[in-house]
Amino acid sequence: MPKLISHSLAVLAAFLLFLPVSLSAHPHVFITSSLDLFFESGRPTRLGVTWAFDDGFSAMVFEDYDTNKDGTFSEQEQNVLRGEVFDYLSEQHYFTFITHSGVKNHPVAIDSFRCEAKEGIVFYHFSIPLELLPGKKDTVRLSQYDPTNYSALFLSEDQPVTFSGDVPEGLAYTLRENTEESYYFGMLHPIEAVITVNGRETK
Amino acid sequence: MMKKCRRITWLQGGVLMVVASLCSPVVTYAFGAPDKAPGFFSRMVHQLLLAQFHLRTEMAGYLKSFSATQDLAALAPLFGMAFLYGVIHAAGPGHGKAVATAYMLHGDRKAKDGLLFGNIVAFSHGLSGVLTVLCLKWVIQTRISTGLKEATRLTSQISFSLILLLGLFLLISGIRSAIKPEAHEEVSIGKAPTLLAAVAFGMIPCPGVVTVMLLAMGLHLTHLGLLMALGITVGMAATTSAAIILVVVGKNAGIKTAAVNTARLPGILTSVSGIVLTALGGLLMAAGV
């Protein structure tokens with residue numbers, strides 16, 4: 001075997017051993033997320049979140065929690081589901097990360113939860129109360145991700161972020177990758193919705 | 001000329017190992033989490049994530065279409081998609097690649113050994129997922145989510161403990177062999193124990209296979225779920241085997257080009273294998289991964 005090829009193979013073998021543990025992410029659950037920011041008197045007070053799960057995870061949820069197999073989740077079934085597979089997410093801020101004018105304010109509680117089934121897909125709808133700093137024109141940055149990457153969250157392509165209630169004039173958002181933060185062994189950056197008034201950011 | 005080639009090989013290998021280890025998250029996290037991830041990796045990772053998501057969605061679509069219409073044409077791409085999903089899925093962690101490649105560093109290995117080993121690791125992982133679902137649903141009849149969590153915890157403890165113990169054995173044997181090569185035979189674990197090691201490395205149930213099985217079983221298409229599980233497993237086997245074969249071939253090439261036939265080299269390689277396995281086993285147990 002030509003020496004160059006054998007040298008290269010030896011080098012490649014050494015390289016492979018020390019490569020990052022993963023060249024790609026490894027999620028087992030895929031979530032499409034939509035966010036609705038609710039305003040009162042021009043200040044954001046609540047974040048409504050809707051998660052649509054992939055078919056495979058939805059099948060698992062139906063199997064485990066649709067006990068009467070009617071294709072829907074009764075109030076009792078939802079309570080059991082919430083207690084067993086949702087409430088523990090408070091330890092990971094419900095995969096929701098909020099920064100208000102540079103101050104991190106990640107949620108630790110929700111004030112409502114509902115599980116819905118539609119055409120074989122499971123949806124979670126939950127609401128996060130916001131205690132943000134005063135200031136109607138401050139920048140709010142929202143992102144959703146699982147730091148362990150067991151679940152992969154994508155913002156919905158169709159209206160990922162909406163505003164409701166007493167919305168300040170000139171409010172808008174942009175989506176961008178936050179390269180100043182990373183997760184999952186530094187291999188991924190969170191995608192953020194940056195919400196500003198009249199395009200002016202405060203950090 | 002031979003000395004110059006040897007210097008180049010060790011220099012190339014040394015530089016790349018240092019660079020690669022600096023890029024390795026295992027090493028990187030020893031010095032604290034990075035503030036920024038390389039843009040190229042981030043983009044590539046994101047694209048592979050999307051690819052997995054789309055493949056899963058497409059497979060589900062074909063299954064549901066067949067369930068509704070009983071049209072066999074809807075099944076045509078299913079195995080191929082499952083295979084492709086398995087190939088991409090296995091590029092991620094948790095499929096025994098790092099452990100398997102480290103293990104194959106020791107002993108006199110050929111490419112076919114790597115192929116067999118990689119296939120057994122992958123089939124162990126896939127079969128474990130299938131058996132877990134069938135057992136939880138039909139035998140134990142408990143919640144899949146909590147049952148899978150327990151099964152993963154139990155098999156992880158067994159697997160990681162075995163990896164750690166095997167690593168320690170190889171480390172001690174390798175050091176003894178390297179110090180006194182004339183007094184100790186080259187350490188090479190036999191074929192049967194090696195295959196058992198492959199089963200142990202892959203025994204943690206694959207959640208990807210579990211969810212695909214559940215989807216199919218929910219549509220009363222268990223046989224198709226098994227077919228898709230097989231496709232995913234074969235795909236994972238392709239990726240895992242390819243990685244192991246590359247390391248085995250590269251290792252053998254490196255030994256050949258060393259030019260100096262040092263009797264200590266097998267012992268050194270066995271020690272390296274042992275160090276990496278011990279470290280991986282220990283880290284995995286500590287992280288509860």
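Labels below follow one simple rule: chain letters A, B, ... track the order of the sequence lines, proteins then strands, and each chain is numbered from 1.
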Inset, instruction - Report the C-alpha distance between B:Leu215 and A:Met60 in whole Å, list the side-chain angles of each, state the deciding distance to 0.1 Å, and finish with yes or no for side chain to side chain contact (heavy atoms under 4.5 Å, CB included). - result: CA-CA 7 Å; B:Leu215 176 64; A:Met60 188 186 291; over 6 Å; no

Legend entry - Contact winner vs chain A - B:Ser145, B:Gly208, B:Gly218, heavy-atom pairs under 4.5 Å: B:Ser145

Inset, instruction - Show your reasoning for whether side chain to side chain contact (heavy atoms under 4.5 Å, CB included) applies to B:His89 and A:His28. - result: CA-CA 9 Å; B:His89 189 65; A:His28 291 291; 3.1 Å; yes

Inset, instruction - Show the numbers, then the answer: is there a side chain to side chain contact (heavy atoms under 4.5 Å, CB included) between B:Leu214 and A:Phe62? - result: CA-CA 10 Å; B:Leu214 281 172; A:Phe62 278 116; over 6 Å; no

Inset, instruction - With rounding to the nearest 0.5 Å, note down the distance linking CG in B:Leu49 to CZ in A:Phe30. - result: 6.5 Å

Inset, instruction - Enter the distance from A:Glu119:CD to B:Lys64:NZ here, rounded to the nearest 0.5 Å. - result: 8.0 Å

Inset, instruction - Count the heavy atoms belonging to other residues, nucleotides or ligands that lie under 6.0 Å from NZ of A:Lys69, then report whether that count exceeds 12. - result: yes

Legend entry - salt bridge (Lys or Arg N to Asp or Glu O under 4.0 Å) between A:Glu84 and B:Arg143, intermediate numbers included: CA-CA 11 Å; A:Glu84 289 189 9; B:Arg143 292 210 211 285; 2.8 Å; yes

Inset, instruction - To the nearest 0.5 angstrom, please state how far the CD1 atom of A:Ile121 sits from the OG1 atom of B:Thr57. - result: 8.0 Å

Legend entry - Per-residue contact mode, B:Val133 against chain A (heavy atom under 4.5 angstrom): neither

Inset, instruction - Please report the shortest heavy-atom distance between B:Arg56 and A:Phe57, naming the atom on each side. - result: NH2-N, 4.4 Å

Inset, instruction - Can you tell which part of B:Leu219 gets under 4.5 Å to a heavy atom of chain A, answering side chain, backbone, both or neither? - result: neither

